[in-house]
Amino acid sequence: MTLRFLVTGGAGFIGSAVVRHLIAGTSHEVAVVDKLTYAGNLSSLAAASKDVRYRFFRDDITDSRRMREIFDEASPDIVMHLAAESHVDRSIDGPAEFVKTNVVGTLVLLDAALAHWRRLSPERKARFRFHHVSTDEVYGSLGPAGAFDESAPYRPNSPYSASKAGSDHLVRAWHATYGLPVVISNCSNNFGPYQFPEKLIPLMTINAIEGRELPVYGDGRHVRDWLFVEDHVRALMLVAETGKNGETYVIGGEGGRTNLDVVREICAAVDRLADNGRCASEQIRFVADRPGHDLRYAIDATKIRNELGWAPREHFERALEKTVRWYIANRAWWEPLRAGVDGIAWRRALR
Ligand code: NAD
């Protein structure tokens, strides 16, 4: 059955991967809402935008009048809410924007979704889902052992993760209080093509390609569970279309690695693939740690595996190689961003 999707943040890294999948791999209709902040990029949607099933609204999710109008126009069956301020370093320097977009923006969308849902026919009402796309960072930091599952307590440490935790709670409350059909997913760190070059993997890849320094926070021993973005997109589709109303699903690659190991693997891939005669790992520099830097994240994805039949398909090394190849081949995508960006991460890291 053809469904109508409303994807917020569809010009960002994960949102654009969702939209490209919806257009290329399904018969669904897609309306995208995106403010096009520094992190939104229409060139990530170039191919999808030619399809008649695609519509784009350049709007701010905190604008309640516009959100109601867009719900009226797009009349979605499934809302996939990805719009957010997403970079931890930026949240340390400017938390207010994170609370505005991530908390107030989610509130505005929930209100618009509820008004829309109440007007639907019983059949469409039963099908409707508000899918909130969130992060495992809401659960805080782990010690050397253990993994987060859906019962993990909320312990956010950064302004970013606190704002995402706040939005998770609002979504849960709109389900419990007003009966809005919702699903929430909390995912580990993503990587892949089209990721804005302030996050670890694209930043280090581009710096290695250009022979620049590779600034690693602290001693580089922080552990992250990396998931290839296309594996995340398959999980998001399953959660949105078949997830149980009111449930949360944690999603992760189950492949923890230290940041230093990831940077070394990027160096090896760039040395192998970029053919620029340098040894990138010689450029690794340890810089002052990020305040409140969580030591380790890990995910126990048993629930989504058992209930929705999802498992990651990509091995980290192979997916990293694909990603490095993409950044080498797609300078035209990232060079304008790198040149023009007010890169808080770059300034902080290179201090
Ligand atoms: P991103 O920063 O690449 O994209 C965010 C998008 O939201 C951009 O296109 C931006 O223009 C848009 N946006 C920001 N503020 C807006 C506003 N007020 N109104 C409308 N649009 C606005 O982020 P991403 O990495 O693609 O992450 C997408 C979602 O997934 C976020 O909610 C994030 O918290 C969550 N998430 C990300 C990761 C990850 O590793 N990247 C992991 C788990 C969860």
Side-chain angles (χ1 to χ4, degrees), residues 6-20 31-45 56-64 66-67 70 79-91 94 96-109 112 131-139 148 156 158-168 171 184-203 224-229 231-233 235-236 239 249-253 262 297 299 323 334 337 341 344-345:
L6 178 63
V7 180
T8 73
F13 165 49
I14 301 171
S16 69
V18 167
V19 174
R20 289 191 301 271
V32 174
V33 178
D34 200 297
K35 182 182 170 182
L36 297 181
T37 68
Y38 79 94
N41 194 336
L42 283 180
S43 67
S44 306
L45 293 170
F56 185 83
F57 298 92
R58 182 174 188 172
D59 280 289
D60 188 327
I61 58 163
T62 65
D63 181 340
S64 49
R66 280 299 293 145
M67 289 310 110
I70 290 169
V79 178
M80 264 203 200
H81 173 34
L82 296 106
E85 287 292 339
S86 71
H87 190 51
V88 175
D89 288 334
R90 288 179 187 261
S91 83
E97 202 55 32
F98 282 68
V99 174
K100 189 171 170 216
T101 288
N102 300 0
V103 181
V104 178
T106 301
L107 165 77
V108 167
L109 283 172
H131 178 184
H132 180 54
V133 178
S134 192
T135 167
D136 63 350
E137 298 187 30
V138 299
Y139 304 124
F148 300 127
S158 71
Y160 163 65
S161 53
S163 69
K164 292 296 291 187
S167 58
D168 287 10
V171 174
I184 298 175
S185 56
N186 296 86
C187 187
S188 62
N189 284 39
N190 282 218
F191 70 103
Y194 299 97
Q195 187 168 29
F196 191 84
E198 66 185 353
K199 305 276 168 71
L200 183 79
I201 289 183
L203 172 67
R224 301 292 180 260
D225 173 2
W226 292 97
L227 183 66
F228 190 52
V229 66
D231 277 327
H232 189 196
V233 169
L236 292 178
V239 170
Y249 299 87
V250 301
I251 306 168
V262 169
Y297 305 132
I299 290 286
T323 305
W334 55 263
L337 306 177
V341 77
I344 288 179

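In this text the structure is predicted, and so the values were computed from the model without any measurement. Counting starts at 1 for both ligands and their atoms, following the listed order.
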field: Contact atoms of ligand 1, heavy-atom distance to V133 under 4.0 Å
entry: 30 (O), 32 (O)

field: Atoms of ligand 1 close to D59 [distance to a heavy atom under 4.0 angstrom, numbered from 1]
entry: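 Matching atoms, with element in brackets: 19 (N), 20 (C).
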
- prompt: For residues S86 and K199, is any side-chain donor paired with an opposing acceptor at under 3.5 Å?
  reply: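 Side chains of S86 and K199: pair found under 3.5 Å.
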
Going by distance only, is there an N or O of [X] that falls short of 3.5 Å from an N or O of ligand 1?
X	answer
K35	yes
D60	yes
D34	yes

message: Heavy atoms only, cut-off 4.0 Å: how does W226 contact ligand 1, side chain, backbone, both, or neither?
response: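 W226 to ligand 1: no contact under 4.0 Å from either part.
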
message: Less than 6.0 angstrom from the centroid, inside 45 degrees of the normal: does R20 satisfy that with respect to the ring of Y194?
response: yes

field: Distance-minimising heavy-atom pair for P197 and W334
entry: CG-CB, 4.5 Å

message: For E198, is there an ion pair with R90 - N to carboxylate O distance below 4.0 angstrom?
response: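 Salt bridge flag = yes for E198 with R90.
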
- request: Check if Y38 has a non-hydrogen atom at a distance under 4.0 Å from any atom of ligand 1.
  value: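 No, that is not the case, since the closest heavy atom of the residue is not under 4.0 Å from the ligand.
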
message: Tell me every residue that passes ring-ring contact (aromatic ring centres under 6.0 Å, His included) with H232, counting only those two or more places apart in sequence or in another chain.
response: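 If we apply the ring-ring contact (aromatic ring centres under 6.0 Å, His included) test to H232, skipping adjacent residues, there are no hits.
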
statement: Closest heavy-atom approach to atom 7 (O) of ligand 1 among A84, C187, S86, G40 is made by A84

query: Checking side chain to side chain donor-acceptor pair (under 3.5 Å) against H132, which of T106, D168, N186 comes through?
result: D168

